[in-house]
Q: 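Submitted below is the structure of interest, expressed as structure tokens.
Every chain is numbered from 1, with letters handed out A, B, ... down the list of sequences.
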There are 2 protein chains.
Amino acid sequence: MATMTAGQRREKARVEYDAFIRACPTNQLLDRLSDKWVSLVVAALSGGPMRYSDLSRKIAGVSPKMLTQTLRALERDGILSRTVTPSVPVRVDYELTELGASLACLLTAVKTWAETHIEEVHEARERYDAEADVS
Amino acid sequence: MATMTAGQRREKARVEYDAFIRACPTNQLLDRLSDKWVSLVVAALSGGPMRYSDLSRKIAGVSPKMLTQTLRALERDGILSRTVTPSVPVRVDYELTELGASLACLLTAVKTWAETHIEEVHEARERYDAEADVS
DNA sequence: CTGAATCCTGGGCGATACTG
DNA sequence: CAGTATCGCCCAGGATTCAG
């Protein structure tokens with residue numbers, strides 16, 4: 001058939017757009033930050049090096065799978081370093097790299113914005129929800 | 001039984017920690033930013049007001065459902081304003097609020113960081129992957 | 001202690017069709 | 001034009017178990 005359905009056209013556009021998005025550094029970073037555990041790990045490590053078990057305790061509720069997955073991804077990206085001390089039992093330390101530290105600065109900026117404007121957001125929500133009640 | 005399994009303990013910790021996290025402004029903001037479409041919508045609107053159909057065209061591949069969902073969430077948070085002009089056919093304009101504009105600034109900071117350091121990240125990845133090949 | 005491998009479930013997201 | 005309603009798929013992520 002010569003024509004595409006609306007869905008097919010959107011699908012095509014989506015695939016192309018996805019490629020564009022994946023190639024965009026900003027979105028790559030946003031994807032990282034989007035991960036729930038990443039910011040927690042970075043925040044935890046910004047206070048200094050920590051062991052695997054320290055992290056799993058400090059970041060309560062994380063499953064070993066997700067912790068490992070997160071740590072591996074961040075190590076791959078050069079955000080943190082992984083140091084194995086072959087003692088018995090094994091000891092592994094994680095530490096932010098210089099790159100990771102600069103990323104932590106970004107998180108600080110986000111944190112600052114959040115603390116500065118969270119009240120406005122809450123007020124906006126209450127206003128919005130109040131209007132919804134009326135209707 | 002008197003004791004809890006590791007899973008149960010972690011589950012309990014997770015629930016408590018979730019409550020803590022939800023109350024944290026930084027994480028609330030991170031959650032917003034984490035949404036794939038949010039940054040795209042904000043970026044699109046940072047160039048000026050747009051209509052619904054303009055957005056769905058500019059942000060290729062977004063389904064009407066997700067676009068609406070995203071717009072509603074951002075409106076609720078006071079990030080953007082929704083203006084209905086009851087003509088025939090209906091016309092709806094979306095525009096960043098002042099709060100939304102300040103959020104856009106944050107995105108700019110993220111963008112700057114990403115563009116500055118993306119090379120280092122890529123190099124780190126290649127190094128990491130190269131080592132993986134050896135083993 | 002630090003993970004790797006496996007199974008499994010929930011709900012987020014996309015596609016589609018329909019309304020004012 | 002600007003959405004709403006509904007269905008179904010898929011896979012991210014949690015639980016669990018085992019290994020070095």
Side-chain angles (χ1 to χ4, degrees), chain A residues 4-15 17-18 21 31-32 34-38 40-41 49-76 80-95 132 135, chain B residues 4-15 17-18 21 31-32 34-38 40-41 49-76 80-95 132 135:
Chain A
M4 302 167 80
T5 67
Q8 284 171 326
R9 258 180 282 112
R10 200 166 50 233
E11 165 67 11
K12 184 168 175 292
R14 199 180 60 75
V15 170
Y17 205 65
D18 271 2
I21 286 179
D31 268 5
R32 274 272 165 278
S34 81
D35 190 75
K36 175 184 178 183
W37 303 114
V38 165
L40 294 173
V41 168
M50 292 184 93
R51 300 181 54 179
Y52 183 90
S53 49
D54 290 335
L55 285 169
S56 73
R57 233 171 298 113
K58 173 139 188 176
I59 306 175
V62 68
S63 65
K65 175 183 175 180
M66 290 319 294
L67 183 53
T68 300
Q69 201 174 99
T70 304
L71 291 169
R72 284 290 186 283
L74 291 177
E75 186 196 358
R76 189 171 109 97
L80 53 79
S81 65
R82 176 171 178 270
T83 311
V84 181
T85 308
S87 54
V88 177
V90 191
R91 175 200 175 103
V92 182
D93 285 278
Y94 292 94
E95 184 175 11
S135 62
Chain B
M4 303 167 78
T5 67
Q8 285 173 327
R9 257 182 282 111
R10 202 165 48 234
E11 164 68 10
K12 184 167 176 293
R14 200 180 57 75
V15 170
Y17 204 65
D18 272 2
I21 284 180
D31 267 4
R32 274 275 165 275
S34 81
D35 190 70
K36 173 184 178 182
W37 302 115
V38 164
L40 294 174
V41 167
M50 292 185 94
R51 300 179 56 178
Y52 184 91
S53 50
D54 290 336
L55 284 169
S56 72
R57 232 170 300 114
K58 174 137 189 175
I59 306 174
V62 66
S63 65
K65 177 183 174 180
M66 289 318 294
L67 183 53
T68 300
Q69 200 174 101
T70 304
L71 290 169
R72 285 288 186 284
L74 291 177
E75 186 196 356
R76 189 171 108 97
L80 53 79
S81 64
R82 178 172 177 270
T83 311
V84 180
T85 308
S87 54
V88 178
V90 189
R91 175 198 176 104
V92 181
D93 286 278
Y94 291 93
E95 185 175 10
S135 63

Q: Considering only dG14(D), dG20(C), dC13(C), which nucleotide approaches the side chain of D35(B) most closely?
A: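 Given the options dG14(D), dG20(C), dC13(C), the side chain of D35(B) is closest to dC13(C).
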
Q: Any side-chain N or O of R82(B) less than 4.0 Å from the OP1 or OP2 oxygen of dA2(D)?
A: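 No, outside the criterion.
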
Q: Take the protein atom OH of Y94(A) and the nucleotide atom P of dC1(C), then report the distance between them rounded to whole Å.
A: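 In whole Å, dC1(C) P lies 14 Å from Y94(A) OH.
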
Q: Starting from the 5' end of DNA chain C, give me the residue, R57(A) or K36(B), whose nearest nucleotide shows up first.
A: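 Nearest-nucleotide comparison on DNA chain C picks R57(A).
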
Q: Counting side-chain heavy atoms from C-beta on, which of dG14(C), dC1(C), dG13(D) comes nearest to K65(B)?
A: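 Per side-chain heavy atoms of K65(B), the pick is dG14(C).
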
Q: Rounded to the Å, how far apart are M66(B) CE and dG3(D) P?
A: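 Taking atom P of dG3(D) as the reference, CE of M66(B) is at 15 Å.
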
Q: Atom CZ of R14(B) to atom P of dT16(D): distance rounded to whole Å?
A: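 From R14(B) CZ to dT16(D) P: 12 Å.
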
Q: Would you kindly give the CG-to-C1' distance between L71(B) and dC1(D), to the nearest whole Å?
A: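 That distance rounds to 14 Å.
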
Q: Does dT4(D) have OP1 or OP2 under 4.0 Å away from a side-chain N or O of Y52(B)?
A: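 No, outside the criterion.
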
Q: With Y94(A) as reference, evaluate V41(A), T83(A), D54(A), L80(A) under the side-chain contact (heavy atoms from CB on, under 4.5 Å) test and give the passing residue.
A: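 With Y94(A) as partner, V41(A), T83(A), D54(A), L80(A) yield a single side-chain contact (heavy atoms from CB on, under 4.5 Å), made by L80(A).
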
Q: In Å and rounded to the nearest 0.5 Å, what is the OG1 to NZ distance from T70(B) to K36(B)?
A: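 With rounding to 0.5 Å, OG1 (T70(B)) is 10.5 Å from NZ (K36(B)).
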
Q: dA5(C) C1' sits how many Å from R72(A) CZ, rounded?
A: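 Answer to the nearest Å: 14 Å.
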
Q: Measure the distance from CG on L67(B) to C1' on dA2(D) and round it to the nearest whole Å.
A: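 In whole Å, dA2(D) C1' lies 10 Å from L67(B) CG.
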
Q: Given that P64(B) and Q69(B) both sit by DNA chain C, which one's nearest nucleotide is further toward the 5' end?
A: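 The residue whose closest nucleotide sits nearer the 5' end is Q69(B).
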
Q: Measure the spacing between CG of L67(B) and CZ of R72(B) and express it to the nearest 0.5 Å.
A: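 Here the interatomic distance stands at 9.5 Å.
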
Q: Find the distance W37(B):CH2 to dG14(C):P and express it as a whole number of Å.
A: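 That distance rounds to 6 Å.
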
Q: Are the side chains of L71(B) and L55(B) in contact, using a 4.5 Å heavy-atom criterion?
A: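 A side-chain contact exists here, since the closest heavy-atom pair is under 4.5 Å.
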
Q: So do L40(B) and V62(B) actually touch side chain to side chain, heavy atoms under 4.5 Å?
A: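 They are not in contact (no side-chain heavy atoms under 4.5 Å apart), so the answer is no.
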
Q: Tell me what R51(A) touches on the nucleic acid: a base, only sugar-phosphate, or nothing, going by heavy atoms under 4.0 Å.
A: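 Sugar-phosphate: the residue R51(A), judged by heavy atoms under 4.0 Å, touches backbone atoms but no base.
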
Q: What's the CG-P distance between D31(B) and dG12(C), to the nearest Å?
A: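 Spelled out: CG on D31(B) to P on dG12(C) is 12 Å.
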
Q: Of all the choices, dG14(D), dG20(C), dT2(C), which nucleotide is nearest to the side chain of S63(A) once you look at every atom?
A: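 Looking only at side-chain atoms, S63(A) lies closest to dG14(D).
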
